[in-house]
Visitor: 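There's a structure below that I have some questions on.
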Amino acid sequence: MISMDNTIITRFPPSPTGSLHLGGARTAIFNWLYARHMNGRFVLRIEDTDLQRSTQESVDAIFEAMEWLGIDWDEGPYFQSKRFDIYKEHIDRLVADGSAYYCTCTPEQVDRMREEAKKSGGKPKYDGSCREKNLQWEAGAVVRFKAPLTGSTVIEDKIRGNIAFANTELDDFIIARSDGSPMYNLAVVVDDITMNINFIIRGDDHISNTPKQILLYQALGEKIPDFGHVPMVLGHDKSRLSKRHGAMAVTAYRDMGYHPDAMVNFLVRLGWSHGDQEFFTRNELIEKFNLDHIGRSAGVFNPEKLLALNAEHIRNASSESLVPHLMPFLEAKGIKTEPGEFLNGVIETLKPRSKTFIEMADGAVFYFQEKPVYDEKAAAKFLKPDLTGPIKQLADGIAGLAVFDEKNLEDIFKQVMADAGLGFGKVAQPVRVALTGKTVSPGIFEMILALGKEKVISRLYDAVQWMEKALGTE
RNA sequence: GUCCCCAUCGUCUAGCCUGGUCCAGGACACCGGCCUUUCACGCCGGCGACAGGGGUUCGAAUCCCCUUGGGGACGCCA
C-alpha cells in the first residue's frame, strides 16, 4: 500500500452489443497479461452507455467468454449505466469552467455542416456555431467539448512512439447527448480517472479517439495515463474482422473443441513475439509478455494455425487436465463416464491424434460402447474365418495373464504370430477391428491397455463368434 | 475527401532501435522422404519473402525521402 503509485492498473472495457469476438478477446488478454506480468491490477468495465444497443445477453456472453479464456479480474465489473451521476458531475464541471458548452444545433444542421466541410476538402466537422453563444441548458441541447483551435496534441504511445495530431483536425465533439447521457469519450475518461487506470492497451482503431481523450484529461486537470495501441486483427481478406469472416465469437471456438490455452496462446502470438517461440503455457505468457515485442502491423486471423496450436496444447497437457474440457463433448455423444483412471487412460491414447476435443470425443466412442460397431468393410476385410484360431489363442492368453502390461501383451502376440506363422500386421489389424470396429485407432498395445482386460477379452471372443457365424453363412 | 497508422515467405513472425555475422531464421499450410501394427505423433528435406524508386554509407531488410499498396478514424456508436 505504500507505493500504490507504481502499481500498473489496466482495464478491459467491452461494450455489450454482441459476443466477445477475437479482436476484443485479444485486447482483454493483452491487458490482463500485462497487469499479471507487472504484478498490477486488472479491471473489467462494461460500457453500456448506449442503452439502445446494449443487451443483457451480450453482457452474459462476455462473462462466459472471459471465464472460458481464464481471464479473471481484480475489480469490477463496473457498469457505466450505473454511473451516470458521476459523468453528469464531470460534464457540469466542464460546462461551468468553460471547457464545454451547450449546443442546440439539430442533427440535420450538423449533417449539413459536415457536408460543407467535406466539400471544401476538409474533414467532416461540426462548425462551432454555438461555441461562443454561451447558451444555457434547454431541452434538446447537447454538451460539446470546446476543443482548442490551434496547436497540436501528441500521444506518447508506448508501442508506436509519438503520434501528433493538429488540433484543427478535431471538432467540438459531443460529450453529453440531449437526454443527458454521456458519450463514449467522456465516459471512458471519467471512468479511467476514477478507477485509477494508468495503462491503456487497446486496438489502434482507437488512435484517433486518443487526442480527444487527452484533451479531456487536461481539461479535467488529471494525469494522462500511458497508452499502447496494438495493431488490429484482420480477416482473411485483410479487412476489419466482421460477421462475414465466419466464427468470430471466442466461445464458438470452445464449442468447436478448442482448448482455451491454445486460443490465448494463438491470440497473443498474433501481434506479439518472443523470438521464435510459438508454444506458450499460460504461466509462460505471464512471465514473458511485455510491450517491447508487440508488432506494429495488423495481423490476419489464421484458423489453420490456431488448429495446429490447439493440437499441440492438447498433446502437451496432462490427460487429467483435459477431462473437464472433453467431458461436454462426450456427453453430447451420449457417453456417460466420470473422471478417473479409465478416462485418463483413454485420453492418453487419443492425445497425439486429436486436433480438437470433438475429434477426441469421436475417437473415444469405441472405448465406451457395450460392443464395438463393426465397420462393414473393415470387418469383411480383416475378420476372416482363418483368424479364428489365432484370435481365440490371443484372448485365452490375455485371460490367463497375471499382470496385464505391455511387456506380457507383446509376448502373447509373439507367441500367436509364431504359432500361426503370421506377421505382426496380419494379427494386429484384425485385433484392432475386433476391439474398435475400425481400421484406425490408437496404437494396439496402448489401446488394449486403456480398454481394460475384461473388455478386450470379451470383444475378442465376440469377434471369434462373429467370424464363425460368417463362416456358416458362406 | 481529410487525418492517422502500417509495409519481411500464402499466413503468423524473428531480424530493424544499436547498419556488415542475413544470397534473411522459425512456425502454420503445402510437397517429398524416414519411422511404423492402422491413424496420428516425431524426425529429415523441399517450396517460398525484405512492395517499388531514390538517397546516406565502403556496406542497408535494417537509417532518410518519395511513390505505391493495405488498414483505421472522421456519429446525439463504442
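Just so we're on the same page: letters track the sequence lines, and every chain starts at 1.
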Visitor: Could you check whether A:Val300 gets within reach of a base, just the sugar-phosphate, or nothing at all, counting any heavy atom under 4.0 Å?
Guide: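 Sugar-phosphate, backbone atoms only, no base.
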
Visitor: Could you check how far CG of A:Asp362 sits from C1' of B:rC39, rounded to whole Å?
Guide: 14 Å

Visitor: When all nucleic acid strands are considered with a 4.0 Å heavy-atom cut-off, which category describes A:Gly443: base, sugar-phosphate, or nothing?
Guide: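 Base contact.
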
Visitor: Check each of A:Asp157, A:Asp204, A:Asp205 against A:His229 using the side-chain hydrogen bond (donor to acceptor under 3.5 Å, both in side chains) test, and report the only one that passes.
Guide: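 Exactly one pass, corresponding to A:Asp157.
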
Visitor: Under a 3.5 Å limit for both distances, which nucleotide forms a Watson-Crick or G-U wobble pair with B:rU68, could you say?
Guide: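 Pair assignment: B:rU68 / B:rA7.
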
Visitor: Which nucleotide in the set B:rC12, B:rC5, B:rU37 lies at the smallest distance from any side-chain heavy atom of A:Ile163?
Guide: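 The answer is B:rC5.
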
Visitor: What about A:Arg269: does its side chain form a donor-acceptor pair under 3.5 Å with the base of B:rU13?
Guide: no

Visitor: Could you work out the separation of B:rU2 and B:rG20 based on their P atoms and round it to a whole Å?
Guide: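 Taking atom P in both B:rU2 and B:rG20, they lie 39 Å apart.
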
Visitor: Round to a whole Å and report the spacing from CG of A:Asp292 to C1' of B:rG15.
Guide: 16 Å

Visitor: Is the phosphate of B:rC76, meaning OP1 or OP2, less than 4.0 Å from a side-chain N or O of A:Arg114?
Guide: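 Yes.
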
Visitor: Look at the rings of A:Phe289 and A:Tyr34 and say which category their plane angle falls in: under 30° parallel, 30 to 60° tilted, over 60° perpendicular.
Guide: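 Rings of A:Phe289 and A:Tyr34: perpendicular, over 60°.
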
Visitor: Write down the distance between CZ (A:Arg202) and P (B:rC77), rounded to a whole number of angstrom.
Guide: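 Interatomic distance, CZ of A:Arg202 to P of B:rC77: 18 Å.
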
Visitor: Using atom C1' in both nucleotides, what's the gap between B:rC35 and B:rG25 to the nearest angstrom?
Guide: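 The answer is 27 Å between these two C1' atoms.
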
Visitor: Please tell me which of A:Phe165 and A:Met183 maps to the more 5' nucleotide of RNA chain B, matching each residue to the nucleotide holding its nearest heavy atom.
Guide: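 Mapping each residue to its closest nucleotide by heavy atoms, the 5'-most match is A:Phe165.
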
Visitor: Just N and O in the side chain of A:Thr439: are any of them under 4.0 Å from OP1 or OP2 of B:rC39?
Guide: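 Indeed not, no polar side-chain atom of A:Thr439 lies that close.
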
Visitor: A:Ile174 side chain: which of B:rA78, B:rC5, B:rC76 is closest?
Guide: B:rC76

Visitor: Of the candidate nucleotides B:rC28, B:rC39, B:rC3, which contains the atom at the shortest distance from the side chain of A:Glu169?
Guide: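 My answer, after comparing the listed nucleotides, is B:rC3.
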
Visitor: Considering only atom P, compute the distance from B:rG46 to B:rA51 and round it to an integer number of Å.
Guide: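 Going atom to atom, P in each nucleotide, I get 24 Å.
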
Visitor: Any donor-acceptor pair under 3.5 Å joining the side chain of A:Asp276 to the base of B:rG25?
Guide: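 Indeed there is one.
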
Visitor: A:Thr49 has a side chain; which of B:rC5, B:rA40, B:rA78 sits nearest to it?
Guide: B:rA78

Visitor: With A:Arg11 as reference, evaluate A:Asp192, A:Asn31, A:Asp191 under the side-chain hydrogen bond (donor to acceptor under 3.5 Å, both in side chains) test and give the passing residue.
Guide: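 Per the side-chain hydrogen bond (donor to acceptor under 3.5 Å, both in side chains) rule, the option paired with A:Arg11 is A:Asp192, out of A:Asp192, A:Asn31, A:Asp191.
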
Visitor: Are A:Pro16 and A:Ile62 close enough that some pair of their side-chain heavy atoms sits under 4.5 Å apart?
Guide: yes

Visitor: Send over the distance from A:Leu307 CG to B:rU11 C1', rounded to a whole Å.
Guide: 14 Å

Visitor: Is the shortest side-chain heavy-atom distance between A:Leu44 and A:Phe63 below 4.5 Å?
Guide: yes

Visitor: Which class fits the ring pair A:Phe227 and A:Tyr217: parallel under 30°, tilted 30 to 60°, perpendicular over 60°?
Guide: perpendicular

Visitor: With heavy atoms under 4.0 Å as the rule, sort A:Ile444 into base, sugar-phosphate or nothing.
Guide: base

Visitor: Ignoring the backbone of A:Ala308, work out which of B:rG70, B:rA29, B:rA78 is nearest its side chain.
Guide: B:rA29

Visitor: Scan A:Pro442 against the nucleic acid and name what it touches under 4.0 Å (heavy atoms): base, sugar-phosphate only, or nothing.
Guide: base

Visitor: For a 4.5 angstrom cut-off between non-hydrogen side-chain atoms, does A:Thr49 reach A:Ser181?
Guide: no

Visitor: Between B:rU11 and B:rG54, how far apart are the P atoms? Round to whole Å, please.
Guide: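 That atom pair is separated by 26 Å.
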
Visitor: Rounded to the Å, how far apart are A:Lys123 NZ and B:rC4 P?
Guide: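 Answer to the nearest Å: 8 Å.
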
Visitor: Answer yes or no: is there an ion pair linking A:Lys88 with A:Asp85, defined by an N-O contact shorter than 4.0 Å?
Guide: no

Visitor: Within the structure shown, what part of the strands sits under 4.0 Å from A:Ser441 by heavy-atom distance: base, sugar-phosphate, or nothing?
Guide: base

Visitor: For the side chain of A:Lys305, starting at C-beta, report the closest nucleotide among B:rA78, B:rC5, B:rC12.
Guide: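 Nucleotide nearest to A:Lys305's side chain: B:rC12.
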
Visitor: Select from A:Asp205 and A:Pro124 the residue whose nearest nucleotide in RNA chain B is closer to the 5' end of that strand.
Guide: A:Pro124

Visitor: Partner lookup for B:rU2, please. Criteria are Watson-Crick or G-U wobble with both distances under 3.5 angstrom; report none if nothing qualifies.
Guide: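 B:rU2 is paired with B:rA73.
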
Visitor: So that I can tick it off, tell me whether A:Glu47 and A:Arg45 are bridged by a salt bridge, with the cut-off set at under 4.0 angstrom between side-chain N and carboxylate O.
Guide: yes

Visitor: For atom C1', what is the distance between B:rG42 and B:rC17, given to the nearest Å?
Guide: 39 Å

Visitor: Does A:Gly140 reach a base, just sugar-phosphate, or nothing at all? Heavy atoms under 4.0 Å.
Guide: base

Visitor: Could you work out the separation of B:rC16 and B:rC3 based on their C1' atoms and round it to a whole Å?
Guide: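 Straight-line distance between the two C1' atoms is 27 Å.
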
Visitor: Check this one for me: any side-chain N or O of A:Arg240 less than 4.0 Å away from OP1 or OP2 of B:rA73?
Guide: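 True: A:Arg240 side-chain N/O within range (under 4.0 Å) of B:rA73 OP1/OP2.
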
Visitor: Return the pairing partner of B:rA14 with a 3.5 Å limit on both distances, Watson-Crick or G-U wobble; otherwise return none.
Guide: none

Visitor: Starting at atom CD of A:Gln277, determine the distance to atom P of B:rC28, rounded to an integer number of angstrom.
Guide: 14 Å

Visitor: Kindly indicate whether the side chain of A:Arg296 and the base of B:rC6 share any N or O donor-acceptor pair separated by less than 3.5 Å?
Guide: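 Counting by modelled atom types and ignoring angles, no donor-acceptor contact under 3.5 Å is found here.
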
Visitor: Considering only the P atoms, how many Å lie between B:rG10 and B:rC6, rounded to the nearest integer?
Guide: 23 Å

Visitor: Would you say A:Arg177 reaches B:rA78's phosphate, i.e. side-chain N/O to OP1/OP2 under 4.0 Å?
Guide: yes

Visitor: Quick one: ring pair (Phe, Tyr, Trp, His ring centres under 6.0 Å) partners of A:Tyr101, sequence neighbours excluded?
Guide: none

Visitor: From NZ of A:Lys438 over to C1' of B:rA40, roughly how many Å is that when rounded to an integer?
Guide: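 Spelled out: NZ on A:Lys438 to C1' on B:rA40 is 13 Å.
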
Visitor: Can you tell me if the side-chain N/O atoms of A:Lys125 get under 4.0 Å from OP1 or OP2 in B:rC3?
Guide: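 No, because none of the side-chain N or O atoms of A:Lys125 sits under 4.0 Å from OP1 or OP2 of B:rC3.
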
Visitor: So what does A:Ser178 hit on the nucleic acid, given a heavy-atom distance under 4.0 Å: a base, only sugar-phosphate, or nothing?
Guide: base

Visitor: Within residues 208-217 of chain A, which residues have any heavy atom lying less than 4.0 Å from an atom of RNA chain B?
Guide: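 By residue number: A:Ser208, A:Asn209.
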
Visitor: Less than 4.5 Å apart, any side-chain heavy atom of A:Glu138 and any of A:Tyr102?
Guide: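 A side-chain contact under 4.5 Å is absent here.
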
Visitor: Rounding to the closest angstrom, what is the interatomic distance between B:rC65 and B:rA27 at atom P?
Guide: 35 Å

Visitor: Can you check B:rC31 for me, syn or anti if syn means within 90° of 0?
Guide: anti

Visitor: Rounded to whole Å, how long is the line connecting atom CD of A:Glu278 with atom C1' of B:rA29?
Guide: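 Rounded to whole Å, this separation is 13 Å.
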
Visitor: Check every atom of B:rA78, B:rG71, B:rU13 against the side chain of A:His206 and return the nucleotide holding the closest atom.
Guide: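 Within the option list, the nearest is B:rA78.
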
Visitor: Strictly by Watson-Crick or wobble contacts shorter than 3.5 Å, is anything paired with B:rC43, and which nucleotide is it?
Guide: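 Answer to the pairing question: B:rG33, which forms a Watson-Crick or G-U pair with B:rC43.
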
Visitor: A:Phe357 vs A:His259 aromatic rings, parallel, tilted or perpendicular, using cut-offs 30° and 60°?
Guide: tilted

Visitor: Whether A:Arg315 contacts B:rG42 is assessed here as follows: a side-chain N or O lying under 4.0 Å from the phosphate OP1 or OP2. Is that the case?
Guide: yes

